[in-house]
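Just so we're on the same page: letters track the sequence lines, and every chain starts at 1. Computed from a predicted model, the values in this text were never measured in an experiment.
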Protein chains: 2
Amino acid sequence: MGDRREPAAPKDPSSDIFRMERPAVAVDVVLLTVLEGELQIALIKREDDPYYGKHALPGRFVRYDEPIETTARRALETKGNITTDGIYLEQLYTFGQNLVRDTRIRTISVVYCALLPSGIISGQQGHTFSWFPIGRLPPLAFDHRDIVHAAVERIRTKLLTSDIIFHLLPEEFTLSELQRACETILGRALDKRNFRKKAADVYDLQDLKLSRREGAHRPARLYRFVRLRDLTRA
Amino acid sequence: MGDRREPAAPKDPSSDIFRMERPAVAVDVVLLTVLEGELQIALIKREDDPYYGKHALPGRFVRYDEPIETTARRALETKGNITTDGIYLEQLYTFGQNLVRDTRIRTISVVYCALLPSGIISGQQGHTFSWFPIGRLPPLAFDHRDIVHAAVERIRTKLLTSDIIFHLLPEEFTLSELQRACETILGRALDKRNFRKKAADVYDLQDLKLSRREGAHRPARLYRFVRLRDLTRA
DNA sequence: GCAAAAGTGTTTGAGGTACACCCATGC
DNA sequence: GCATGGGTGTACCTCAAACACTTTTGC
C-alpha cells in the first residue's frame, strides 16, 4: 500500500478515500477434490439473475473487518456447509478489469483455489455443493469457466514442485494412490517406476511399516508425507 | 464472482452489499527498469504517517468505475509523472490479510509489476520517482520490502519462458545487451555461447542486418524481437 | 493356479553446462 | 599493433523417458 495521501488540497477525488464510493470486493473459491477417480469441482446453482440457473463458484463479499482468506473459508462454510479446518487455500488471481461482471455493483473478485482431501466427500451428506468433473463442466456463470481452467493449470504446474498433492490425499496413503492422484490432476498416465523414483527424490515420505490389505493382490505399504526435499542444491 | 444473493431474508449481513461498509481497494506498483547496469525500482517518499519519511511503492485507491489495471497506470502517471503507453503490467498478488496495514482504513492492495524499457529514464527529467537498485533498498513502508522481493522473484522465473525481457529493452538491441539485461535480473553472469544458443532456441529474433558501431571493437548486430517460439512440442 | 495390483533397474536420448579462440573495429 | 567487445563449436554430464518381470495376496 503506497503513499496515497495528498499534501493539503487534494485535486484527485480518489484520494478522498473516506468519501469516494468504493468497489465491492468478493472472494470466489475454486474448490477441487479427487472424487471417483476424477478431478472434480464444487459449484453452486445460482438462484438469481444474472445467470439465473447457471452454476457458479462459491463466493462471498469481503466484510470490512475480515481477512480475505477468512472470506474464502466463510464462502465454503456458508455455501457448502463444510468445515474448512486444514483445507489448503492458495490465492490465484484477482479479477478487476471488467466493470460489469456483476450487474448489481462494481465488484473486484479475488479468486482462491482450495483443495479438499479425497474421502471427505463420500455421498450427499449435508453439503450443498454440486460436484462436476473439470472435464465435463456445466455452463457456468460470469467468466467462471476461464477461472476454473486457470486454477487447474496452476495446480498442475505446482504438482511436482510443491506439496499440494498431499492436500488432496488422506493422511496415510499408498504410492499407487499418490500416483493416481497425480495422474488425475495431470489428466494422463504416468510411468510407475519413473514416478516412484521421482517421488522418492522430491518428497520425504515416512514408511509407516504397515500395509493395507484390499482386494485379491499383494498389500501396499502405507506412507505419510514428511516434507519437500530441498532440491536447490545451492 | 459467485452466487452472493440470498433468497429472501438475509441473515448474513455481508450479503447486504449495498449497506455494508466496504474495504478500500488500492493498487500498488513495483516498477522496475535496468539502469546503470542494475535492476532498479521506482519508489516514492512518504510525506504522511504511517511510515512518514520512508519510501513506498507508488499506489492509488481504485475508483468505483475504474479497471484495476487503469488504477495501476494512473498510479505511475500521477506519482511518477511518466506516460504508461506500452508499459508492461502484470498482476502479482493481492494483499488482504492484514487488517491494519494501512492505519487509516481497511485496505486490500492489488500489487502489479511493471517494466520500463531501459533508456527512458535518463536523468532527473521531470519524473518524481526515486530509483534504487533492488540490492540496496532503503527502509520501506508497510511490507513493501517483501513485495519487491516477490516481484523480482516472479520476473526471474519468467525470464526464459516468456518475453518479459524485451519489455526492459529498447526496440532494437544487440545480443550482448539482451544477455546483460538477463544477467542484471538474475544477478549472476551467464555463459555467452550457451546464452546465445538458448536465446536462438526460445526466441524468434529478426536479424536487422545492421550493426551498431560503438567503441574500439567489432560492431554488434542489431536484432528485433519477433515472438516466443513454441517449445511445447505437443 | 490364476487374477490383480505391488514393487523394482537399466538403457537411451535430449538438453544443460563448461570451456577457448578468432574477428572486426578505433585509436 | 593492441585493446576491446563480437561472434562461434565441442565434450561431458545430468535428468527424463521408455520399457518387463517378479512378488504377494484373495479366491
Would you say D:dG6 has OP1 or OP2 under 4.0 Å from some side-chain N or O of B:Ser176?
-> yes
Can the ring centres of B:Tyr223 and B:Phe225 be said to be less than 6.0 Å apart?
-> no
A:Phe195 CZ to C:dT8 P, in whole Å, measures 14 Å
Integer-rounded Å distance: D:dA16 P and A:Leu186 CG | 14 Å
A:His217 has its side chain closest, among C:dG7, D:dT25, D:dG7, to D:dT25
Walking DNA chain D from its 5' end, the first of A:Ala216 and A:Arg193 to be reached, judged by nearest nucleotide, is A:Arg193
Considering heavy-atom distances to DNA chain D, does A:Asp191 or A:Arg213 have its closest nucleotide positioned more toward the 5' end?
-> A:Asp191
Rounded to the Å, how far apart are A:Gln179 CD and C:dG7 P?
-> 11 Å
Just checking B:Lys198: base, sugar-phosphate only, or nothing, at a heavy-atom cut-off of under 4.0 Å?
-> sugar-phosphate
Interatomic distance, B:Lys192 NZ vs D:dT4 P [rounded to whole Å] | 14 Å
Verify whether the ring centers belonging to A:Tyr88 and A:Phe166 lie closer than 6.0 Å.
-> no
Contacts of A:Pro219 and B:Lys197 projected onto DNA chain C by closest heavy atom; the upstream (5') one is A:Pro219
Could you tell me whether B:Arg196 contacts a base, only the sugar-phosphate backbone, or nothing, with contacts defined as non-hydrogen atoms closer than 4.0 Å?
-> base
With the side chain of B:Arg218 defined as its heavy atoms from C-beta on, choose the nearest nucleotide among D:dG7, C:dG7, D:dA17.
-> D:dG7
Here the gap from B:His144 atom NE2 to B:His149 atom NE2, rounded to the nearest 0.5 Å, amounts to 13.5 Å
B:Glu214 CD to C:dC27 C1', in whole Å, measures 16 Å
Here the distance between atom C1' of D:dG6 and atom CG of B:Leu178, to the nearest Å, is 14 Å
Any chance the side chains of A:Asp28 and A:Ser109 put a donor and an acceptor closer than 3.5 Å?
-> yes
